[in-house]
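What follows is a single structure, written as structure tokens, with notes after it.
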Amino acid sequence: MAVAARLLGFGIISLLAIYAANYGRDVPFTVHMVLVAVICGAAFLLTMFRERPIFNMSDDEDGYQMNVVRFGVVMTAIWGVVGFTVGVLVASQLAWPELNLEPFLTFGRLRPLHTSAVIFAFGGTALITTSFYVVQRTTGARLWGGHLAWFVMLGYQLVILLAATGYVLGGTQGREYAEPVWYTDLWLTIVWVAYLAVFLGTLIKRNQPHIYVANWFYLAFIVTIAMLHVVNNLAVPVSIFGSTSYSAFSGVQDALTQWWYGHNAVGFFLTAGFLGMMYYFVPKQAERPVFSYRLSIVHFWALIFLYIWAGPHHLHYTALPDWAQTLGMVFSIMLWMPSWGGMINGLMTLSGAWDKLRTDPIIKMMVASVAFYGMSTFEGPLMSIRAVNSLSHYTDWTIGHVHSGALGWVGMITFGALYYLTPVLWKRERLYSIQLVNVHFWLATIGIVIYAAVMWVSGIMQGLMWRETDELGLLVYSFAETVDAMHPFYVLRMIGGALYLLGGLVMLYNIIRTIRGDVREPVAGKSASTVAAE
């Protein structure tokens, strides 16, 4: 009966997609409908003729649903490499404009592909994957909804595929962090509601009376992102057979809605969700309890209450009323307290285990991520102050800030979680090579430091050149002169990004070899502590 229902569903969707593609009014819509038809048609044929399912959806021996988590680990690593590769490409295009190849491989089309690949493909898949693992382990319950978890995971991958191909083909809403076209947004809404149902249903049927704090952060991330996504993407399509739509908001209301969404995509997607990751994987890898559970609860409620108000600081010196700008600035400054409370809690969890930093590069990676979190959450409120923002806004300083958080905090804590999960999920004694983890750590750290440092210097120089005036009050430098002055920094940024990408490739190699069951033998002549660590 279940197989018949799947066949019927795949068949109907495939036929509807072919019909829609025939009446498509623009290239992105037509290509997307053909893509959906091909995917559903292939799924129909494989379901009909393949004896074994494409994905093993059966339970593990311990009763948990871990195959979906295994799939997520692999996809997270792959999407990370894809996102970092596109990032290096767009950084190269800024340094050497001749690398812009029209019409599909220009900076304007590849830049949203890079941000979405890193934030939503790499980061989003990591959050879904780790949340499915953590909620099962901390509640003692299998994921609610049977195969609904697979629908969430595979449905989210389809969102990524539609968004990525749409950007290259020119299909976009032009909204920061909310680029996908209207029908992709609708599909994401369906997937996200299913995600909430799986996570919340698992919490409700838990076998433990207590809800561990990591689950609070994951739940806040899921619920808030759903609200932000729906409101910010309210739009009216020009045609049901086209990708173009117009926002339900206009003018300053549209700008405020966009940055209410944009900043809280950072606050709840890139902060709250990954704090859930930190509160589970740092104690597990350190083999120590959370330093202060009470502090983690205070951290949670303060962060959740304050973050949602901070968006207007992106709109200083605009048509937004001054009181709204000030409100966003004040709440941003207050965010110092809960943010640093979480950082201190994460670092102090290593109390009595600091010696592990010498022998465990996974711990080293996690500690670096928490340190970058602390630095980014200090810098963010600083940049929200109106006087500082007048210098930093629209400059590369903001780019350096975003990447120190995205690559340092989000990237490093995700790498640590993947390194922890891989041997556990595939029941291996250890990773293929601990030494390669150390190589990855240094490549990533050096890459981030180069990237962020040159963008800070470039951004401050850029801001100062823009505001420099002569004795008559006229601008001293033209815009072209500022661009020319930034060229060396753009080359250095590309080098930093390339080092970070190289670290991602090392990680992917290490994970693949671990999944295969390979173990790298220690090199002769190493110290006893290093051999023991490996």
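Just so it is clear, the structure is predicted and the values come from calculations on it, not from any experiment.
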Output yes when a side-chain donor or acceptor of [X] lies under 3.5 Å from a complementary backbone atom of [Y], and no otherwise.
X	Y	result
Asp518	Tyr432	no
Arg428	Thr514	yes
Gln208	Thr138	no
Thr224	Phe221	no
Gln93	Arg111	no
Arg70	Leu425	yes
Asp396	Met455	no
Tyr293	Val213	yes
Arg206	Gly140	no
Thr349	Phe291	yes

With a 4.5 Å heavy-atom cut-off, do [X] and [Y] have their side chains touching?
X	Y	result
Met278	Phe217	no
Asp360	Gln285	yes
Leu501	Val81	yes
Arg430	Pro423	no
Trp144	Leu203	no
Leu45	Phe10	no
Val424	Tyr133	yes
Thr184	Leu188	no

- Positive for side chain to side chain contact (heavy atoms under 4.5 Å, CB included) with Ile446, one of Leu443, Ile450, Val449: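 Filter result, single survivor: Ile450.
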
- Task: Examine the side chains of His299 and Tyr279 and answer whether a donor and an acceptor come within less than 3.5 Å of each other.
- Result: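 Side-chain D/A pair, His299 to Tyr279: present.
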
- Task: Verify the distance criterion only: is there a donor paired with an acceptor across the side chains of Thr130 and Tyr280 at less than 3.5 Å?
- Result: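 No, no side-chain donor-acceptor contact under 3.5 Å.
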
- Hey, would you say the Phe151 and Trp187 ring centroids sit under 6.0 Å apart?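 Centroid separation for Phe151 and Trp187: below 6.0 Å.
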
- Query: More than 12 foreign heavy atoms under 6.0 Å from CH2 of Trp301: is that the case here?
  - Reply: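 12 or below, so no.
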
- Message: Atom CH2 of residue position Trp354 - does it have more than 12 heavy atoms of other residues, nucleotides or ligands inside 6.0 Å?
- Response: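 Yes, because the 6.0 Å sphere around CH2 of Trp354 holds more than 12 heavy atoms from other groups.
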
- Could you check Tyr500 against His403 for ring-ring contact (aromatic ring centres under 6.0 Å, His included), going step by step and ending with a plain yes or no? CA-CA 11 Å; Tyr500 198 86; His403 282 78; 9.4 Å; no

- Message: Go through it in stages, so that I can follow the logic: the residues are Val73 and Ile515, the test is side-chain contact (heavy atoms from CB on, under 4.5 Å), and I'd like the CA-CA distance, side-chain angles, deciding distance and then a yes or no.
- Response: CA-CA 11 Å; Val73 165; Ile515 292 172; 5.8 Å; no

- Name all residues meeting the salt bridge (charged side-chain N to carboxylate O under 4.0 Å, His left out) criterion together with Lys364; count only those two or more places apart in sequence or in a different chain, and write none if there are none.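 None.
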
- Pick from Tyr64, Tyr195, Phe71: which one makes a ring-ring contact (aromatic ring centres under 6.0 Å, His included) with Phe132?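 Of all the options given, the one that passes is Tyr195.
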
- Stepwise side-chain contact (heavy atoms from CB on, under 4.5 Å) test for Leu196 and Val193: CA-CA 5 Å; Leu196 175 61; Val193 169; 5.7 Å; no

- Mind running side-chain contact (heavy atoms from CB on, under 4.5 Å) on Leu113 and Arg109 for me, showing each step along the way? CA-CA 7 Å; Leu113 175 61; Arg109 295 195 179 189; over 6 Å; no

- Task: Name the orientation class of the two ring planes belonging to Phe300 and Trp216 (parallel below 30°, tilted from 30 to 60°, perpendicular beyond 60°).
- Result: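 Ring orientation, 0 to 90° scale: tilted.
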
Taking only distance into account, with no hydrogens and no angle test, what donor-acceptor pairs under 3.5 Å do side-chain atoms of residues 406-420 form with protein atoms, sequence neighbours excluded?
unit_1, atom_1, unit_2, atom_2, d
Trp409, NE1, Leu270, O, 2.9
Thr414, OG1, Val410, O, 2.7
Tyr419, OH, His440, ND1, 2.7

Identify all side-chain donor-acceptor contacts of residues 154-161 below 3.5 Å with residues at least two apart in sequence or on another chain.
unit_1, atom_1, unit_2, atom_2, d
Tyr156, OH, Phe120, O, 2.6
Gln157, OE1, Trp79, NE1, 2.6
Gln157, NE2, Thr125, OG1, 3.4
Gln157, NE2, Met153, O, 3.4

- Query: If every non-hydrogen atom of Pro381 is compared with every non-hydrogen atom of Ser376, which pair is closest and at what distance?
  - Reply: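 Here Pro381 and Ser376 meet closest at CD-O, 4.4 Å.
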
